[in-house]
Peer 1: 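Provided herewith is a single structure, encoded as structure tokens, for subsequent inquiry.
Just so it is clear: chains get the letters A, B, ... in the order the sequence lines come, proteins before strands, and each one is counted from 1.
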There are 2 protein chains.
Amino acid sequence: MSLLEKISDQATTLTPSERRLVENVIDSPTTAALGTAGELAKAAGVHEATASRLAKKLGFESYAAFRDALRDEFIATRETATRFEKTIAESTSGTILGELAREETQALGRIEEFITPEQIAEAAQILMRAQRIFVYGYGNAEVLALMMVKRFRRFGKDTHQLDTDPRGLAEQMLGLGSDDAVLSFAFRRPPRGYAALMETAKEVGAKTVMISGKSGALLTPRPDRLLAAPRSGDQDAFQTLTVPMTICNAIVIAAGLTAKEESLKKLDRLGQLIERFE
Amino acid sequence: MSLLEKISDQATTLTPSERRLVENVIDSPTTAALGTAGELAKAAGVHEATASRLAKKLGFESYAAFRDALRDEFIATRETATRFEKTIAESTSGTILGELAREETQALGRIEEFITPEQIAEAAQILMRAQRIFVYGYGNAEVLALMMVKRFRRFGKDTHQLDTDPRGLAEQMLGLGSDDAVLSFAFRRPPRGYAALMETAKEVGAKTVMISGKSGALLTPRPDRLLAAPRSGDQDAFQTLTVPMTICNAIVIAAGLTAKEESLKKLDRLGQLIERFE
DNA sequence: ACAAATTTGCAAGAAATATTGCAAACTCAA
DNA sequence: TTGAGTTTGCAATATTTCTTGCAAATTTGT
């Protein structure tokens with residue numbers, strides 16, 4: 001029996017104050033699920049003691065147990081790798097594609113909470129001012145690395161994808177200079193060779209830009225510019241590249257704008273030409 | 001300043017115990033956001049006092065303030081959910097990133113008008129039943145091709161990325177058999193060599209799946225399965241890969257589900273291993 | 001290898017949160 | 001209107017959670 005059913009079963013025996021509390025819970029369940037008894041009581045305009053009593057009346061051991069039930073029900077906390085499957089099964093119009101699109105939408109909607117326009121502009125500026133750009137990404141991140149290499153080559157930038165193999169990487173880094181920029185990606189774990197890459201870049205004075213998920217916040221040594229935003233999808237299982245890819249696209253567009261003359265149109269014409277003859 | 005920035009700021013000065021705490025937070029932010037300092041500490045195997053101190057070190061007034069920040073950023077309450085919908089749908093935020101996110105959202109919202117659940121399921125089935133998978137994409141599409149190669153290799157499928165160079169392509173196609181599947185991508189123009197690839201596949205009886213933008217409808221010869229949905233972005237300017245990438249992700253998830261037993265769990269464990277040792 | 005500095009856990013106690021006895025306020029029936 | 005029954009808030013108490021001084025353990029520099 002779901003929590004809300006449990007509550008509505010009691011609906012006839014609820015006192016006025018209790019009813020106000022329940023209405024409040026139904027109205028904003030997540031807020032109630034996160035707050036304290038006192039907060040809920042205040043929102044409903046009743047005394048906290050009443051909230052405490054309500055929890056017991058509804059059959060819970062304590063207010064804490066009631067709140068836990070609320071959290072279970074209303075807060076999406078990924079429990080297992082099968083969460084997505086579960087979501088699909090439960091949702092009425094459950095299609096994989098639809099659910100996926102919904103999650104991406106939600107993640108995209110929050111993107112600006114993590115990345116400021118300045119960060120985009122600065123990243124674009126660093127890359128466009130660089131004499132050469134070295135792009136580093138491995139595992140899934142290699143996909144984005146490849147994309148950025150392609151995009152910046154279209155701008156006419158001297159762009160290279162760094163080897164994922166430590167030896168090749170070391171060799172490529174020998175030529176790194178102070179006018180160069182390193183763009184790197186990391187999700188989940190910092191890639192092998194990351195530290196060496198960053199240290200070398202710092203030594204020679206090359207600028208470093210990093211695009212990452214949450215885990216980027218822990219990276220040491222720190223890049224000059226860090227653009228970190230959580231990805232969408234299941235924590236433990238399948239995380240998509242939509243959010244970081246959108247950040248990349250924003251940088252590409254900003255880069256196109258900072259290149260003054262070259263507007264998007266020119267980018268496109270060039271792009272079409274290249275695609276046609278590629 | 002966002003939580004991730006605060007963490008990043010302190011990343012170099014974190015003590016071992018503090019780092020373990022932060023890793024724990026990053027790995028399962030929602031759990032941390034809901035729990036107490038003691039619970040987080042226990043999960044990280046350190047003393048709760050350390051958790052309390054970490055909160056202060058990151059610049060928060062108290063552990064409670066730290067947890068509030070976690071909730072803000074990582075728990076999708078209804079307020080945050082509706083907030084983005086409004087922001088995204090209506091207002092033009094005036095930033096590149098915001099505008100981009102808005103466009104992607106719109107395109108994603110329409111994706112189910114073009115792709116049915118059956119198409120996703122069939123594509124997944126074809127790929128998972130194939131003995132070998134050959135993936136073909138060039139220009140920007142190469143990015144998605146690479147992604148799919150990585151994803152299906154994780155499923156343990158014998159997956160190969162086809163050469164974009166006509167000669168190499170011809171050579172690789174020699175071994176194509178009736179149990180194989182070809183997954184190809186095309187945007188704007190059909191790639192060079194596309195016709196030859198499709199004809200060869202038809203001759204030997206290999207199944208073909210194509211993911212494309214609007215232009216896919218015009219392709220000849222026709223693939224066995226065509227998944228075409230318009231991309232986001234200006235028609236003539238900068239079109240992103242978000243929509244086709246989401247279709248790809250849906251196929252990967254569907255493939256994982258049809259692989260019944262192990263599905264995402266296996267994908268995850270194997271994936272983590274691969275990433276760690278890659 | 002030693003001393004200084006840092007980190008960590010322990011445990012006391014501070015603060016926040018929840019519970020409950022009690023009395024005032026309220027409701028309803030006669 | 002009165003009185004029995006119910007509901008509610010108050011305030012004291014209990015419980016949970018957080019903070020901090022201190023000392024042990026660990027690390028760092030010489």
Peer 1: Round to the nearest Å and state the distance from A:L40 atom CG to C:dA18 atom P.
Peer 2: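 Spelled out: CG on A:L40 to P on C:dA18 is 10 Å.
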
Peer 1: Could you write out each protein N or O paired with an N or O of nucleotides 21-26 of chain D at a distance under 3.5 Å?
Peer 2:
residue : atom : partner : partner atom : Å
D:dG21  : O6   : B:R53   : NH2          : 2.7

Peer 1: Atom CG of B:L34 and atom CZ of A:R71: how far apart are they, to the nearest 0.5 Å?
Peer 2: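 Spacing of CG (B:L34) from CZ (A:R71) equals 5.0 Å.
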
Peer 1: Identify, with sequence neighbours excluded, every residue that meets side chain to side chain donor-acceptor pair (under 3.5 Å) alongside A:R129.
Peer 2: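 Testing A:R129 for side chain to side chain donor-acceptor pair (under 3.5 Å), a comparison that skips the adjacent residues, returns none.
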
Peer 1: Could you tell me the separation between the NZ atom of B:K42 and the C1' atom of D:dC18, rounded to a whole number of Å?
Peer 2: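 That distance rounds to 17 Å.
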
Peer 1: Between atom NE2 in B:H47 and atom P in C:dT8, what is the gap in whole Å?
Peer 2: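 Computing the B:H47:NE2 to C:dT8:P distance gives 13 Å.
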
Peer 1: Compare side-chain N and O positions of B:S52 against OP1 and OP2 of D:dC18 and report whether any pair is under 4.0 Å apart.
Peer 2: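 Looking at the OP1 and OP2 atoms of D:dC18, neither is under 4.0 Å from any side-chain N or O of B:S52.
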
Peer 1: Check whether any side-chain heavy atom of A:L183 lies under 4.5 Å from a side-chain heavy atom of A:I251, and answer yes or no.
Peer 2: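 A side-chain contact is absent here, since even the closest heavy-atom pair is not under 4.5 Å.
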
Peer 1: Whole-Å distance between D:dT16 C1' and B:R67 CZ?
Peer 2: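 Rounding to the nearest Å, CZ of B:R67 and C1' of D:dT16 are 11 Å apart.
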
Peer 1: Starting from P on C:dA18, measure out to CG on A:D68 and report it in whole angstrom.
Peer 2: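 My rounded result for the distance is 11 Å.
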
Peer 1: For B:F60 and D:dT19, give me the distance from atom CZ to atom C1', rounded to whole Å.
Peer 2: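 The answer, rounded to whole Å, is 17 Å.
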
Peer 1: Of the nucleotides C:dA18, D:dT19, C:dT8, which has the atom closest to the A:Y63 side chain?
Peer 2: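 Side chain of A:Y63 sits closest to C:dA18.
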
Peer 1: Report yes if a side-chain nitrogen or oxygen of A:K56 is closer than 4.0 Å to either non-bridging phosphate oxygen (OP1 or OP2) of C:dA18; otherwise report no.
Peer 2: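 For C:dA18, neither OP1 nor OP2 has a side-chain N or O of A:K56 closer than 4.0 Å.
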
Peer 1: Starting from P on D:dT15, measure out to CD on A:E48 and report it in whole angstrom.
Peer 2: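 Interatomic distance, CD of A:E48 to P of D:dT15: 16 Å.
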
Peer 1: Hey, is the side chain of B:T36 poking within less than 4.0 Å of OP1 or OP2 on D:dT16, counting only N and O atoms?
Peer 2: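 So the side chain of B:T36 is outside the cut-off, no N or O lying under 4.0 Å from OP1 or OP2 of D:dT16.
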
Peer 1: Rounding to 10 degrees, work out the angle separating the end axes of the helix from C:dA1-D:dT30 to C:dA30-D:dT1 (five pairs an end).
Peer 2: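 Between the first-five-pair axis and the last-five-pair axis there is 30°.
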
Peer 1: In this structure, how many angstroms lie between the C1' atom of C:dT17 and the CZ atom of A:F66, rounded?
Peer 2: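 Rounded to the whole Å, the gap is 16 Å.
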
Peer 1: Which of these passes side-chain contact (heavy atoms from CB on, under 4.5 Å) with A:F134: A:M173, A:Q161, A:H160?
Peer 2: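 That would be A:H160; it is the only one of A:M173, A:Q161, A:H160 passing the side-chain contact (heavy atoms from CB on, under 4.5 Å) with A:F134.
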
Peer 1: Side-chain contact, heavy-atom cut-off 4.5 Å: B:R151 with A:N140?
Peer 2: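 B:R151 vs A:N140: side chains touch.
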
Peer 1: Could you tell me whether the side chain of B:E104 reaches within less than 4.5 Å of the side chain of A:N249, counting heavy atoms only?
Peer 2: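 Yes; the side chains approach each other to less than 4.5 Å.
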
Peer 1: More than 12 heavy atoms of other residues, nucleotides or ligands under 6.0 Å from NZ of B:K6: is that the case?
Peer 2: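 Yes.
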
Peer 1: Return a table of donor-acceptor pairs under 3.5 angstrom between the side chains of residues 17-26 of chain A and protein atoms on other chains or two or more places apart.
Peer 2:
residue : atom : partner : partner atom : Å
A:E18   : OE1  : A:T15   : N            : 3.0
A:E18   : OE1  : A:T15   : OG1          : 3.3
A:E18   : OE1  : A:K57   : NZ           : 2.8
A:R19   : NH2  : A:A11   : O            : 3.2
A:R20   : NE   : A:A44   : O            : 3.3
A:R20   : NH2  : A:A44   : O            : 3.1
A:N24   : ND2  : A:A43   : O            : 3.4

Peer 1: Is there a side-chain contact between B:I111 and A:L100, using heavy atoms and a 4.5 Å cut-off?
Peer 2: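 No - every pair of side-chain heavy atoms lies 4.5 Å or more apart.
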
Peer 1: Could you list by number each residue of residues 7-25 of chain B showing a heavy-atom separation from DNA chain C of less than 4.0 Å, or answer none if no residue does?
Peer 2: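 Output list: B:T15, B:P16, B:S17.
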
Peer 1: With A:R110 as reference, evaluate A:E113, A:Q106, A:E112 under the side chain to side chain donor-acceptor pair (under 3.5 Å) test and give the passing residue.
Peer 2: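 Filter result, single survivor: A:E113.
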
Peer 1: Within this structure, what is the NZ-CD distance for the pair A:K56 and A:E61, rounded to the nearest 0.5 Å?
Peer 2: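 A:K56 atom NZ to A:E61 atom CD measures 7.5 Å (nearest 0.5 Å).
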
Peer 1: Donor-acceptor pairs are to be reported for all side-chain atoms of residues 198-205 of chain A against protein atoms at under 3.5 Å, with residues two or more places apart or in another chain.
Peer 2:
residue : atom : partner : partner atom : Å
A:T200  : OG1  : A:A196  : O            : 2.6
A:K202  : NZ   : A:R222  : O            : 2.4

